[in-house]
Amino acid sequence: MSDELDTVHDTEPIGDPGLAEHQYRPQDVDESQSRRTERQIAWMFRIAALLLLAFCFAYFLIDADQTFLGWSAQNFTFGTTLGLALLLMGVGIIQWAKKLMGDHEMVEMRHPSRSSDEDRAAVMSDINAGISESGFGRRPMIRNSLFGAMGALALPTIVLLRDLGPLPNNQRNTVWKKGMRLVNDVTGTPIKPSDLQVGQLVNGEPAIVYETDADGERLLEGTALLQAKSKAAIIVVRMRPEDVQASKGRENWGIDGILCYSKICTHVGCPISLYEQQTHHVLCPCHQSTFDLADNGKVVFGPAHRPLPQLPLGLDEEGYLIAMSDFPEIVAPSYPELARDQKKLDNKS
């Protein structure tokens, strides 16, 4: 009797765990119910695909300034369509797993960290059985509608890539042009040489970002204004004229030791203005690229490989600092096609 009890204990530690009798699902015993559930799940996936298409249409058809119930109409539509699409896809997949895939009760005993070869083989067998029971081959309606919804899920991603901004090779120019005044980026007031002391650095912008038309409306607004300010931002420094080491062709780009450079680091586009008066170095606080403003903005330290673009300066009739042209170099972080685009810009000039 003792040997029999030991045998039972070794094969089944818990003889009667007290589990309720297994209940079959309606879909397991009624084929019409199974088909009805299959159609319901397929419609969830189809509606999800339509909502994702609606997301894309909203991006192009709804103006960014439109409102709905006090909210941005575009953002409201984005959130509603994408959220409902993801919800329907998630609910559909859960319903598929709960109501149509195989329904088995399993008990797993504790085992060492590494499974035995037999267990591993059994797991692979269960995985293959699960794949077979999922009905990918037998339920093309669900399978194809799911693939359609998942494919449509990529569309909003592609559409939203447009918000990353234009491609670099379309950004060769800024709003600077000959005769445009340099202004303080905080007050918008134009700058005269007498306003700057030796060793001083001023952050500036082109005057157009503050100018208005005859009706008092700003010439640049919204996204166009932000893009213009970010690309055309400048730093204006004044040093002793004898410290300036202008390269050939740039001898007349400064005014009495006043030089102007782009504020955009040529490494990854960070804004820079940490100025060392004694060395004439300006430092990017993000990745430590350092540029020598007295020596044509060349790189003296850090990951940047290009000098800071320099803006040629002049004076207008009232004695204010003006640009004599746009930046001759591309104002942007470095990118693979930069040399090609700079060559095109040079040929155009």
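Only heavy atoms go into these numbers, but all of them, side chains included; no hydrogens, no water, no symmetry mates.
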Compare all side-chain heavy atoms of [X] with those of [Y] and state whether any distance is below 4.5 angstrom.
X	Y	value
Phe327	Ile234	yes
Pro285	Leu274	yes
Leu69	Phe76	no
Leu160	Phe55	yes
Leu308	Ile272	yes
Leu51	Leu82	no

task = Inspect the contact between Glu38 and Arg139 and indicate whether a charged nitrogen and a carboxylate oxygen are less than 4.0 angstrom apart.
result =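 Yes, charged N to carboxylate O under 4.0 Å.
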Pair Ile322-Arg181, side-chain contact (heavy atoms from CB on, under 4.5 Å): steps then yes or no = CA-CA 4 Å; Ile322 59 171; Arg181 285 180 173 177; 3.8 Å; yes
Please check if atom [atom1] in [X] has more than 12 non-hydrogen atoms from other residues, nucleotides or ligands closer than 6.0 Å.
X	atom1	result
Asn252	CG	no
Met150	CE	no
Phe60	CZ	yes

key: side-chain hydrogen bond (donor to acceptor under 3.5 Å, both in side chains) assessment of His281 paired with Tyr275   = CA-CA 6 Å; His281 292 172; Tyr275 185 51; over 6 Å; no
task = Could you go through the side-chain contact (heavy atoms from CB on, under 4.5 Å) check for Leu153 and Leu86 one step at a time?
result = CA-CA 9 Å; Leu153 185 59; Leu86 293 175; 3.8 Å; yes
